[in-house]
Colleague: 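Below are the structure tokens for one structure; questions will follow.
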Amino acid sequence: MKKEFLLFLVSVSLLVFSSCQKKQEPAKPYLIMLSLDGFRWDYPAYANTPVLDSLQEAGVIAESLKPSFPTKTFPNHYTIATGLYPDHNGLVNNSFFAPDLDKFYRISDREAVENGDFYGGEPIWVTAEKQNVTAATFFWVGSEAKIEGVRPEYWYKYDKSVPFKSRVDTVKYWLSLPEAKRPHLILWYYYQPDHIGHEAGPYSEETMAMVEKLDSLLGYYFTQMRKLPRFDKLNFIITSDHGMTETSNDRVVVIDQFIDTADLDILTGGNPVLNIKVKPGELEKVYRQLKSVPHIYAWKHDSVPARLHYGHNPRTLDIIVAAYPGWSIVTSWRNRVGKGNHGYDNDFKDMHAIFYAAGPAFKKGFIHPTFENVNIYPLITRIMNLKPAPVDGKFENVETMLR
Ligand code: AMP
Ligand code: ZN
Ligand code: ZN
């Protein structure tokens, strides 16, 4: 054999060898999670939702997703992101007082929302970025703050007015970037049908019309995603933070008719779950008064039923008050009640949320029993080959949905 030909053979086999090696490298997985605020687990049973229904065949659907208590927006988005119950991640309500920081947190207070000191645990985008996986968020609770000094590579300040389709277009743009810049973990969010559910009630025509509109927008989402050359590598989750139940002006508890607010230091949280700090020496009195109020639960700090995983964090304050399902807690100076609300006990099925998933990591046509939203974090870290932070959720609780 000629020397040149031998050299040629060697270089060809080297080429083949190196390309084989490349193929053997595990591909970096993708995970794109959308949350539709307040999308109750059973809305598709009342509305025409062909796109969501098709996901059931194409992937996994959970009977329902059990939110964490209190079943409010901020605690639950941050629980999904961290795998920790609100008591452990620090976002104990939409509004709360943090004795550790001597500061109030409110969702309308930009300074608070962007202050990383409020946020405990390790959100999934921080876990990803720390392990060299690029992350992006188009609005997710917590992602506007630096946590452990880290923000997602791409993120935006919250602006409710950005249309659904623009958000989709941005997700598509991100996934079209060159690999070095392309995020592999994307979390994005839309504020409906929560908004209309509060205003018109969960069974209203308006809410059902919104659910159907969202389903057709999901059609746009997947049409856009299918145009990407890497569509079949993408794993999708569509979820929500909580459900919605009917409320009424006929089912209200006017709290200041039962206690003297002069006995309180702090009255925070939000209907139907309040966090109360009592003035020194008044705890027993106020607790006794609250215990006798019909249609509400009152628990002292550290005495909330264990199944709610709540009431140990100092931010939950001295007394936690929660209305019975469908009831509202108001004050005589602020007593407007909408037609729908959430925040109640997470065993109340109206509070349950949705979970749909599809993509190469997931089984097809698989129905998973109801599971808690603390398990989403370990599910994602497993799919993305990330080392998880210590969390309340367990991968074993959801592993059967994976291929
Ligand atoms: P709620 O129904 O009171 O639990 O909260 C839902 C509201 O939270 C929605 O109307 C959203 O517009 C709002 N929201 C969601 N994410 C954010 C955010 N990152 N910053 C401020 N408000 C938000
Ligand atoms: Zn919500
Ligand atoms: Zn809401």
Side-chain angles (χ1 to χ4, degrees), residues 33-41 43 65-81 86 91-96 104-116 118-119 123 125 136-147 151-152 155-164 167 187-202 204 206-207 210-211 214 238-247 268-275 322-323 326 328-329 334 336-344 346 348 350-355 373:
M33 176 161 65
L34 162 65
S35 166
L36 295 171
D37 200 314
F39 202 115
R40 198 169 98 174
W41 71 283
Y43 278 167
L65 179 70
K66 186 177 177 178
S68 301
F69 182 81
T71 51
K72 287 279 189 187
T73 299
F74 272 54
N76 277 284
H77 277 102
Y78 200 58
T79 286
I80 293 172
L91 281 208
V92 298
N93 215 321
N94 275 355
S95 296
F96 59 88
F104 278 95
Y105 183 98
R106 289 188 193 89
I107 67 179
S108 53
D109 176 349
R110 296 314 308 166
E111 204 180 309
V113 166
E114 291 171 22
N115 179 353
F118 283 106
Y119 301 90
W125 56 84
T137 53
F138 207 131
F139 307 147
W140 198 280
V141 171
S143 68
E144 294 143 285
K146 262 193 183 174
I147 300 169
R151 278 206 187 97
W155 64 280
Y156 293 108
K157 277 193 195 219
Y158 189 65
D159 175 3
K160 192 175 175 171
S161 71
V162 178
F164 189 98
R167 305 183 196 201
L187 274 60
W188 68 291
Y189 164 85
Y190 197 64
Y191 71 97
Q192 293 284 21
D194 176 76
H195 189 82
I196 191 72
H198 283 292
E199 212 172 85
S204 63
E206 293 92 327
T207 300
M210 177 56 72
V211 165
L214 287 168
I238 297 177
T239 190
S240 56
D241 49 351
H242 52 71
M244 187 67 68
T245 199
E246 268 185 327
T247 47
T268 184
N271 173 34
V273 178
L274 306 180
N275 302 95
S328 301
I329 305 175
R334 208 169 161 211
R336 198 192 82 89
V337 171
K339 291 190 173 155
N341 203 9
H342 53 89
Y344 305 99
N346 56 353
F348 177 41
D350 280 6
M351 294 302 102
H352 284 211
I354 51 167
F355 180 90
N373 64 358

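Each ligand, and each atom within it, is numbered from 1 in the order the structure gives.
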Colleague: So for ligand 1, is Asp37 a polar contact partner (N or O within less than 3.5 Å, distance only)?
Modeller: no
Colleague: Nearest 0.5 Å, please: how far is CG in Asp194 from OG1 in Thr73?
Modeller: 5.0 Å
Colleague: Could you state the interatomic distance from OG (Ser240) to CD1 (Ile354), rounded to the nearest 0.5 Å?
Modeller: 4.5 Å
Colleague: Atom 15 (C) of ligand 1: which protein heavy atom is closest, and how many Å away?
Modeller: Tyr189 OH, 3.2 Å
Colleague: Provide the number and element of each atom of ligand 1 under 4.0 Å from a heavy atom of Ile107.
Modeller: 8 (O), 21 (C)
Colleague: Are His352 and His242 close enough that their ring centres sit under 6.0 Å apart?
Modeller: no
Colleague: By salt bridge (charged side-chain N to carboxylate O under 4.0 Å, His left out), which residues pair with Asp350, not counting sequence neighbours?
Modeller: Arg40
Colleague: Quick one: are Phe138 and Tyr189 in side-chain contact, heavy atoms under 4.5 Å?
Modeller: no
Colleague: Say you draw a straight line from OH of Tyr190 to CG of Leu214; how long is it, rounded to the nearest 0.5 Å?
Modeller: 7.0 Å
Colleague: Looking only at heavy atoms, what is the nearest atom pair of Pro123 and Tyr78, with distance?
Modeller: CD-OH, 3.6 Å
Colleague: Give me the residue, atom name and distance of the protein heavy atom closest to atom 10 (O) of ligand 1.
Modeller: Lys160 NZ, 4.0 Å
Colleague: Against heavy atoms of Asp194, which atoms of ligand 1 measure under 4.0 Å?
Modeller: 2 (O), 6 (C)
Colleague: Any luck finding a side-chain donor-acceptor pair between Asn341 and Thr247 under 3.5 Å?
Modeller: no
Colleague: Looking at the Zn ion (ligand 2), which N/O/S atom of Asp241 is the nearest one?
Modeller: OD2
Colleague: Taking distance alone, with N or O pairs closer than 3.5 Å, would you say His342 contacts ligand 1?
Modeller: yes
Colleague: Donor-acceptor pair, Tyr119 side chain versus Val113 backbone, under 3.5 Å?
Modeller: yes
Colleague: At under 4.0 Å between heavy atoms, which part of His195 makes contact with ligand 1: side chain, backbone, both or neither?
Modeller: neither
Colleague: At a non-hydrogen distance cut-off of under 4.0 Å, which region of Trp140 contacts ligand 1 (side chain, backbone, both, or neither)?
Modeller: neither
Colleague: Name the closest protein heavy atom to atom 16 (N) of ligand 1, giving the residue it belongs to and the distance to 0.1 Å.
Modeller: Tyr158 CE1, 3.7 Å
Colleague: Does the ring centre of Phe164 sit less than 6.0 Å away from the ring centre of Trp188?
Modeller: yes
Colleague: Is there at least one pair of N or O atoms, one from Lys72 and one from ligand 1, spaced under 3.5 Å apart?
Modeller: no
Colleague: Quick test of your reading of the structure: of Thr73, Thr71, Asn271, whose heavy atom lies closest to atom 6 (C) of ligand 1?
Modeller: Thr73
Colleague: Taking only heavy atoms of Asn94, which atoms of ligand 1 are found under 4.0 Å from at least one of them?
Modeller: 1 (P), 3 (O), 4 (O), 5 (O)
Colleague: Ligand 1 versus Arg110, non-hydrogen atoms closer than 4.0 Å: side chain, backbone, both, neither?
Modeller: side chain
Colleague: Suppose we screen for salt bridge (charged side-chain N to carboxylate O under 4.0 Å, His left out). Which residues come up paired with Lys157, at least two apart in sequence or across chains?
Modeller: Glu114
Colleague: At the 4.0 Å heavy-atom cut-off, does Glu144 count as touching ligand 1?
Modeller: yes
Colleague: For Lys72, which residues count as a salt bridge (charged side-chain N to carboxylate O under 4.0 Å, His left out) partner, sequence neighbours excluded?
Modeller: none
Colleague: Centroid-to-centroid, Tyr43 to Phe39, below 6.0 Å?
Modeller: yes
Colleague: Heavy-atom pairs closer than 4.0 Å: do any link ligand 1 to the side chain of Phe74, the backbone, both, or neither?
Modeller: side chain
Colleague: Can you tell me if Asn94 uses its side chain to pair, donor with acceptor, with the backbone of Phe74 under 3.5 Å?
Modeller: yes
Colleague: Sort by chain and number the protein N/O/S atoms that are closer than 2.8 Å to the Zn ion (ligand 3), and list them.
Modeller: Asp194 OD1, Asp194 OD2, His198 NE2, His342 NE2
